[in-house]
Amino acid sequence: MSTKIEAVRGMNDILPEQTVLWQHVEQLLRKVVTRYGYQEIRMPVLEKTDLFHRSIGEVTDIVEKEMYTFLDRNNESLTLRPEGTACCVRAGIEHGLLYNQIQRLYYMGPMFRHERPQKGRYRQFYQFGLEAFGMHGPDIDAEIIFITARLWHELGLTNRLQLHINSLGSNVARQQYRQALVDYFSQYQAELDEDSQRRLKSNPLRILDSKNPHLQDLIARAPQLMNYLDEESQQHFTQLKGLLDKAGIVYRVNPRLVRGLDYYNRTVFEWVMGEMGAQNTVCAGGRYDGLVEQLGGQATPAIGFALGLERLIILLQEIQLKVGQEPEVYFIMAGTEARLEGLALAEQLRTELPLLTLLCDCTGGSFKNQIKRADKSGARLALILGENEINNKQIAVKYLRENEGRQEILPLKALIKFLTDFL
């Protein structure tokens, strides 16, 4: 017997009983953002490695430890995309979508990071991302957050998630703050864990995001970013808070929220929950006004977010959201002639009733077994076609979920009207 081949660790199959919930979420995401004027863009899963080195940052965990990178047959370094923003910016520059234009774009699909698999965090994972280009003010920041809040409302998750916001200020202010952190944490270098010691020189803002409980008191005493903000960034953040207050969006200003990627500036935000330990962020984003220019385009203001679909699905499973996938009608065909006539009739019904979900029993099994399968399918109604029904140009209709299982005989010519009224 041959050895079984299993999926790569951290890259999971999504089975039919699960995909119905995924499809529900994906359709709702598209519906909500389309109402705000966002259009879909689709990017390849493979990009040149330099795209992520230049955008995410050489000293981030993603670039240093997590990317799937390899040389192709032309000896060119390629990487499976670990996130979508850099890909979207690359596509926008390449196709002339960004300079002196306003764009509202969204995308959805798999991303790849080689990290330790855990609940809601996998090596192939799925993200929904949204990016807006060409708008400087806090209005678009607020709109982005409004969209996320509406998504939670539509999914019944408003009370399960908390919004954290912060401002990273301008690049100049961030550099000044970076030096203040280096000066502060250098005094306590012996107390830092290995990751934080490495980040001290390369990316000290990431120390603030450490989940190590032994560092929390030290981090709490660190300099506050708000004290280093430039005046324009302070005004931007104040106006954003006013817009959120006016719309009734509840938020917490979290001075330790810095985000893990180098390209962020000014507004950053996260929607977090408490059920997944350290990996409790469901949706996160912020402004990245310098990234387009950094990747070879003209200076363009931009903001976006990414939403982890696995974590969202876990939340929906916890609130026991039910999404039906059962057929409305199950078609039982008893005998060879019945299968011949029945399949043709089924196609006619699908043509005449485009919204009808009809499942035909194509097993050729006994009538008793077909009835069992009809009940197990979850269908509300069974259509039964046998030799007697064919000879009399009739069809039997059996209620499977209502009317106490009653069965009746209909003329074939009355079936479409019956099903129309039934549905």
Side-chain angles (χ1 to χ4, degrees), residues 33 36-41 43 51-52 54-57 83-107 128-149 163 165-178 205 225-226 228-244 246-247 249 251 253 257-270 283-307:
V33 300
Y36 284 81
Y38 287 76
Q39 296 179 301
E40 185 177 14
I41 184 170
M43 299 90 65
L51 172 65
F52 305 112
R54 289 169 57 184
S55 60
I56 296 173
E83 60 99 36
T85 297
C87 307
C88 188
V89 171
R90 189 272 310 152
I93 296 170
E94 183 173 341
H95 299 287
L97 301 179
L98 305 183
Y99 181 55
N100 279 340
Q101 298 176 67
I102 291 175
Q103 295 286 356
R104 287 177 165 91
L105 305 173
Y106 76 89
Y107 51 87
F128 178 86
L130 185 149
E131 319 287 354
F133 299 94
M135 292 163 275
H136 288 276
D139 301 27
I140 189 61
D141 302 23
E143 178 182 274
I144 292 280
I145 293 174
F146 293 164
I147 290 172
T148 57
L163 173 63
I165 64 172
N166 194 20
S167 176
L168 301 181
S170 66
N171 290 333
V172 173
R174 188 170 175 175
Q175 285 302 313
Q176 293 173 343
Y177 180 59
R178 181 187 184 281
L205 273 73
L225 178 56
M226 285 295 174
Y228 292 82
L229 289 187
D230 54 289
E231 183 177 350
E232 188 175 350
S233 294
Q234 288 178 345
Q235 292 177 353
H236 186 104
F237 194 53
T238 298
Q239 291 170 7
L240 171 62
K241 290 187 290 183
L243 292 167
L244 297 179
K246 184 70 173 177
I249 303 293
Y251 59 87
V253 176
L257 175 57
V258 295
R259 303 296 301 126
L261 309 181
D262 282 356
Y263 53 63
Y264 284 111
N265 69 300
R266 288 198 179 166
T267 302
V268 289
F269 67 91
E270 290 184 350
C283 173
R287 292 198 75 92
Y288 50 94
D289 294 333
L291 183 58
V292 176
E293 188 173 18
Q294 184 179 325
L295 292 179
Q298 299 292 327
T300 304
I303 183 172
F305 72 77
L307 185 162

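Taking 4.5 Å as the limit, some side-chain heavy atom of Phe133 sits within range of a side-chain heavy atom of Val89. Inter-residue side-chain proximity for Tyr228 and Leu168 is flagged as unmet; no heavy-atom pair is nearer than 4.5 Å. Residues Phe52 and Cys87 are in side-chain contact: their nearest non-hydrogen atoms beyond the backbone lie under 4.5 Å apart. Residues Asp141 and His236 form a side-chain contact, since some pair of their non-hydrogen atoms from C-beta on lies under 4.5 Å apart. Annotation: side chain of Phe237 is in contact with side chain of Ile165 (closest heavy-atom distance under 4.5 Å). Taking the side chain as every heavy atom from C-beta outward, Asp230 and Val172 never approach each other to under 4.5 Å.
Atom CD1 of Ile93 is separated from atom OG1 of Thr300 by 7.5 Å, given to the nearest 0.5 angstrom. Atoms CG and CG, from Leu98 and Leu295 in turn, are 10.5 Å apart once rounded to the nearest 0.5 Å. Once rounded to the nearest 0.5 Å, the distance linking CZ of Arg54 with CZ of Arg90 reads 12.5 Å. Remark: Met43 CE to Leu105 CG distance equals 9.0 Å, nearest 0.5 Å. Rounding to the nearest 0.5 Å gives a distance of 13.5 Å between CG of Asn166 and OH of Tyr264. With rounding to the nearest 0.5 Å, the separation of OH in Tyr106 from CD in Gln39 is 9.0 Å.
Side chains of Glu131 and Tyr288: a donor on one and an acceptor on the other come within 3.5 Å. No side-chain donor from either of Thr267 and Arg287 sits under 3.5 Å from a side-chain acceptor of the other.
The only member of Ile140, Leu130, Asp289 that meets side-chain contact (heavy atoms from CB on, under 4.5 Å) when paired with Ile303 is Ile140.
Counting non-hydrogen atoms of neighbouring residues, nucleotides and ligands closer than 6.0 angstrom, the CD atom of Gln234 exceeds 12 such neighbours.
Counting all heavy atoms, side chain and backbone alike, Gly134 lies closest to Ile102 at O-CG1, 4.0 Å. Smallest separation of non-hydrogen atoms from Cys88 and Ile41: SG-CG2, 4.1 Å. The shortest heavy-atom contact between Ala132 and Tyr38 is CB-OH, 4.0 Å.
The backbone N or O of Gly96 lies less than 3.5 Å from a partner atom in the side chain of Gln101, making a donor-acceptor pair.
Considering only residues two or more places apart in sequence or on other chains, Arg104 meets the side-chain hydrogen bond (donor to acceptor under 3.5 Å, both in side chains) condition with Glu143. Remark: Ile249 engages Ile145, Phe146, Ala149, Leu163, Leu244, Ala247 in a side-chain contact (heavy atoms from CB on, under 4.5 Å) (not counting sequence neighbours).
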